[in-house]
Each structure stands twice: as structure tokens, then as C-alpha cells.
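Accompanying notes for the structure given below.
The shown structure was predicted, so the numbers you read here are calculated from the model rather than taken from an experiment. Hydrogens, waters and symmetry mates are skipped; everything else that's a heavy atom, side chains included, is used.
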Amino acid sequence: MSTCQGEPPFASALEGTGGVAAFALAASVMVPLVNVVSVTALSFYGARNHAAAMSSTWRHLGTNPLILGCVAGLTLNLTGIGLPPAIAVPVEMLAEPALVTGTLVAGAAITLRVRLRDGLDITIASTIKLVALPLSAAALASALGLTAAALTAVVLICAVPTAPSAYILARRMGGDSQLMASITGAQTVLSVVTLPLILHLTTAT
């Protein structure tokens with residue numbers, strides 16, 4: 001589901017200003033794409049008929065804050081308009097605690113009583129997200145000739161754990177929010193090991 005959990009500090013530490021710029025470009029593609037796929041899947045899940053599913057999908061896509069945020073940001077960036085300081089400063093202040101707040105919300109939904117089926121789902125989801133996806137992305141990016149900051153950005157955005165906003169999206173749209181919270185928590189813990197290992201294996205020169 002949704003991705004991005006405050007990766008710019010990693011990009012900055014690894015590649016400097018160029019890394020942050022490359023990561024921002026990767027995020028502008030990945031975040032809307034992942035949210036469109038997630039919203040579409042959740043809209044069709046449990047829908048009574050195809051027409052109802054399509055109507056629900058368009059409605060949710062048109063009101064998804066992450067999609068709208070990316071569209072607004074890209075528009076401001078490409079047009080060169082930007083945000084005046086009177087607006088940019090308050091927005092930046094509100095954005096800083098967003099990750100912590102989302103993590104707290106998802107963490108509050110985690111339960112130690114995990115169903116056997118959930119354990120298998122968590123394992124499969126974590127293996128794909130934290131290992132298979134970044135390794136596949138790194139192989140494809142390398143084959144396309146990406147190096148340095150661009151390669152690091154691609155690997156980084158694919159190797160980070162699922163964002164807490166995935167839990168909020170699942171809860172809002174009638175998905176299995178408890179399972180999503182467990183997946184988010186498990187991946188966040190596992191990424192402490194997998195993230196540096198994947199970055200070392202795929203970007204070390």
C-alpha cells in the first residue's frame with residue numbers, strides 16, 4: 001500500500017542534496033501509483049457490482065489526500081509557482097509530526113494475538129516488500145543504466161517498510177485494518193536489518 005516513511009534523511013546521508021532530489025522524483029512517481037493501485041483494489045473488494053465498484057473507485061481516487069498532495073506538489077513545482085512563506089512555513093510545521101502521528105495510530109491497532117493466517121500474510125507481505133521488491137527494482141534500474149543517487153533513490157523507496165497511512169487507508173475503505181497494522185509494525189521492525197543490508201548489496205561500489 002502506501003509508501004514513504006521519512007526517507008529523505010537516508011537519501012541525504014547517502015547521496016547529499018542530489019540524493020534528496022532523486023528521492024523526491026522517485027516519490028512523485030511511486031506514491032501516486034501505489035495509492036491508485038491500493039484505492040482501486042479496496043474499492044473493488046466487496047463491491048456488489050462492477051458499476052458500484054467503478055463509482056466508488058473514482059470517488060476515492062478523487063478524494064485521496066496523498067494523491068491530491070502529490071498532484072498539487074508537482075503542479076506547483078513544474079509551474080514554478082511555489083508556495084509563499086506565509087503558507088509554506090505552517091505546512092512544513094504541520095508535516096513534521098505527521099509520521100509520528102501516523103505511526104502511533106497504526107501502533108495502537110497492533111495486537112499480540114495474531115491469527116495463524118495473519119502470520120503467513122505478514123511473512124509473505126514483508127518478504128515481498130522488504131526483499132523481493134527492492135532487489136528486483138535494483139536489478140531493473142541497473143539494467144537501465146541508473147547509478148549513484150538515482151539508483152539509491154529507487155532502491156530506497158522500494159526497500160522502506162509500508163507507511164502507517166496504509167492502515168488509515170485500509171480502515172477508511174473497509175479493508176483488514178488489523179492485519180494492515182500488524183504488517184506495518186512487523187515491517188518497521190524488520191527494516192532495521194533489511195534496509196541497510198539491501199542498500200549495501202545494491203548500491204555499494
Might you point out which heavy atoms bring Ala150 and Leu146 nearest each other, and give the distance in Å?
CB-CD2, 4.2 Å

Between Gln187 and Ser126, which heavy-atom pair has the shortest distance, and what is it?
CG-OG, 3.3 Å

Given side-chain contact (heavy atoms from CB on, under 4.5 Å), test Val154 with Leu140 step by step and report yes or no.
CA-CA 10 Å; Val154 169; Leu140 180 58; over 6 Å; no

Minimum heavy-atom separation for Ala163 and Thr184, please, with both atom names.
O-OG1, 4.1 Å

Test Met180 against Thr162 for side-chain contact (heavy atoms from CB on, under 4.5 Å), laying out the working first.
CA-CA 9 Å; Met180 195 67 251; Thr162 298; 3.8 Å; yes

For Leu130 versus Ala159, what's the shortest heavy-atom pair and its separation?
CD2-O, 3.5 Å

Extract all donor-acceptor atom pairs below 3.5 Å that involve side chains of residues 81-89 and protein atoms in other chains or at least two apart in sequence.
none

List in chain and number order the residues that pass side chain to side chain contact (heavy atoms under 4.5 Å, CB included) with Leu197, two or more places apart in sequence or in another chain; answer none if no residue qualifies.
Leu201

Heavy-atom check, side chain of Leu195 versus side chain of Leu156, under 4.5 Å
yes

Taking all non-hydrogen atoms of both residues, which atom of Cys158 and which atom of Leu133 are closest, and how far apart?
O-CD2, 3.8 Å

Should Leu169 and Asn35 be marked as a side-chain contact (heavy atoms from CB on, under 4.5 Å) after you check the CA-CA gap, both sets of side-chain angles, and the distance that decides it?
CA-CA 9 Å; Leu169 183 63; Asn35 278 275; 4.3 Å; yes

Among residues at least two apart in sequence or on other chains, which ones pass side chain to side chain contact (heavy atoms under 4.5 Å, CB included) with Val155?
Ala138, Leu151, Ile198, Leu199, Thr202, Thr203

Apply the test side-chain contact (heavy atoms from CB on, under 4.5 Å) to residues Ile157 and Val29: give CA-CA distance (whole Å), side-chain angles for both, the deciding distance (0.1 Å), then the verdict.
CA-CA 10 Å; Ile157 201 168; Val29 175; over 6 Å; no

Check for a donor-acceptor pair, side chain of Lys129 on one end and backbone N or O of Val160 on the other, with a separation under 3.5 Å.
yes

Taking side chain to side chain contact (heavy atoms under 4.5 Å, CB included) as the definition, give me every residue that meets it alongside Val131, ordered by chain and number, with sequence neighbours left out.
Leu135

Calculate, to the nearest 0.5 Å, the distance between atoms OH and CG belonging to Tyr167 and Leu179 respectively.
12.0 Å

Tracing side-chain contacts under 4.5 Å among Ile, Leu, Val, Met, Phe, Trp and Tyr outward from Leu68 reaches none

Is the backbone N or O of Thr188 less than 3.5 Å from a side-chain atom of Ser191, with the two atoms forming a donor-acceptor pair by type?
yes

Residue list, side chain to side chain contact (heavy atoms under 4.5 Å, CB included) with Ala22, at least two apart or on another chain:
Ala149, Ala153

